[in-house]
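I have placed the structure first, in the form of structure tokens, so that the comments after it can refer back to it.
First listed ligand is number 1; within each ligand, the first listed atom is number 1. Scope of the values below: all heavy atoms of this structure, side chains included, with no hydrogens, waters or symmetry mates.
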Amino acid sequence: NSDIALFRAKGAGRNNFQFFTQEMNTNAHNRLELEVALRSALADNQFRLHYQPQFDLRSGKLLGFEALLRWQHPVRGLIPPLEFIPIAEINGLIVPIGTWVLNEACRQAKEWQTRGITHAMVAVNLSAVQIRQANIVSIVKQALQASKLEAKYLELELTESLLLENVGSVLLQLHQLKEIGVTLSIDDFGTGYSSLAYLKRFPIDTLKIDKSFVLNLTEDADSRAIALAIVSMAHSLRLKVIAEGVEDASQAKILAEMGCDEAQGYWYARPMPGDQVAGWLQRNPEPATLLANRA
Ligand code: C2E
Ligand code: MG
Ligand code: MG
Ligand code: MG
């Protein structure tokens with residue numbers, strides 16, 4: 001089963017399981033327990049979205065926010081997504097959870113806009129399972145209709161592995177999503193199989209340079225070479241590039257010099273609950289100034 005293989009690969013590489021260890025995840029009994037807990041999490045409204053700002057690297061302007069899922073567990077506290085999403089991808093619960101994420105992110109973006117953050121986009125992570133198993137096009141349409149958010153303010157982050165699936169239906173769905181007017185980006189770019197030949201066939205707007213390259217930009221010439229290659233290739237394909245995981249001024253400067261278009265990371269802001277965004281904006285009324293002072 002390719003989903004399980006994918007999950008194992010992710011778990012082994014990222015080593016991110018703390019409460020739900022890999023051992024627990026692969027154990028059928030515990031997996032069932034986690035499935036039951038995830039179902040009640042959905043029913044009991046235990047999921048939360050945190051939002052991380054994204055900026056234009058040249059102007060310093062705020063562009064929008066990436067929505068990042070957390071599970072507010074009544075006993076265990078706030079559980080990060082990599083501890084439960086891989087399991088939710090195996091048991092299919094990522095489909096209803098992902099639908100909740102889409103609706104909540106669109107609702108929040110519309111609320112920001114009515115409160116005056118007029119051009120803020122929201123970026124939502126989509127699992128490959130949502131594209132394969134669900135009618136993602138109508139789910140996205142419904143989330144936009146219910147929230148009254150204009151499609152151009154919604155960005156969908158896809159995984160690189162999706163591009164490897166030589167399935168006509170994936171391509172068709174991505175084209176239909178583009179027709180609605182949403183933006184599509186490829187997350188964690190450079191960590192998967194990165195078939196550049198496939199890239200052109202997909203209606204993609206943006207590549208996100210994976211944070212593993214950004215992390216080592218200052219010290220590691222190879223990471224710099226990879227980041228620069230991604231930027232120049234993206235630009236020659238008329239795609240935008242965003243860097244994730246920017247943690248210091250030196251990384252931001254190198255990325256800006258490379259011509260990278262956008263950035264997000266702890267150096268600018270950590271992901272925060274949606275109701276803290278207005279206050280954060282008040283404390284940082286001019287992100288352009290904020291960035292200029294820091295650069
Ligand atoms: P991602 O989409 O690549 O998200 C970026 C991750 O990097 C987030 O972790 C974010 O908090 C973290 N990050 C941001 N800035 C920095 C930085 O400067 N340094 C470092 N070291 N990390 C930074 P998070 O929130 O734990 O999310 C992890 C992954 O979980 C996401 O990676 C995404 O693949 C997945 N995920 C999150 N929310 C959803 C969702 O709603 N649906 C799906 N399918 N996957 C999601
Ligand atoms: Mg993402
Ligand atoms: Mg964008
Ligand atoms: Mg990423």
Verify whether one side chain among Glu66 and Asn125 offers a donor that lies under 3.5 Å from an acceptor in the other.
yes

For ligand 1, which atoms, with element, lie under 4.0 Å from some heavy atom of Val246?
18 (O)

Taking the side chain as everything from C-beta on, heavy atoms only, tell me whether Val122 gets closer than 4.5 Å to Gln108.
no

Less than 4.5 Å apart, any side-chain heavy atom of Met233 and any of Leu207?
yes

Can you tell which of Pro81, Ala269, Ala243 gets a heavy atom nearest to atom 28 (C) of ligand 1?
Pro81

Short N or O distance, Glu244 and ligand 1, threshold 3.5 Å exclusive:
yes

Can you count the protein N, O or S atoms that lie less than 2.8 Å from the Mg ion (ligand 4)?
4

Any Gly98 heavy atom less than 4.0 Å from ligand 1:
no

For Glu66 and ligand 1, answer yes if some heavy atom of the residue is under 4.0 Å from a ligand atom, otherwise no.
yes

Taking the six-membered ring for Trp, are Tyr51 and Trp280 closer than 6.0 Å centroid to centroid?
no

Could you tell me whether Arg31 and Glu35 have a side-chain N and a carboxylate O separated by less than 4.0 Å?
no

For Thr191 and Asp188, does a side-chain donor sit closer than 3.5 Å to a side-chain acceptor?
no

Any nitrogen or oxygen of Leu69, main chain or side chain, under 3.5 Å from a nitrogen or oxygen of ligand 1?
yes

Who gets closest to atom 6 (C) of ligand 1 by heavy atom: His50, Lys211, Glu157?
Lys211

Side-chain polar contacts of residues 42-49 - donor-acceptor pairs under 3.5 angstrom, sequence neighbours left out - could you list them?
| from | atom 1 | to | atom 2 | distance (Å) |
| --- | --- | --- | --- | --- |
| Gln46 | OE1 | Trp71 | NE1 | 2.9 |
| Arg48 | NH1 | Asn45 | O | 2.8 |

Gln130 side-chain N/O to Leu126 backbone N/O, donor-acceptor pair under 3.5 Å
no

Among the heavy atoms of Arg70, does any lie under 4.0 Å from an atom of ligand 1?
yes

Starting from the Mg ion (ligand 3), look over the N/O/S atoms of Glu155 and name the nearest one.
OE1

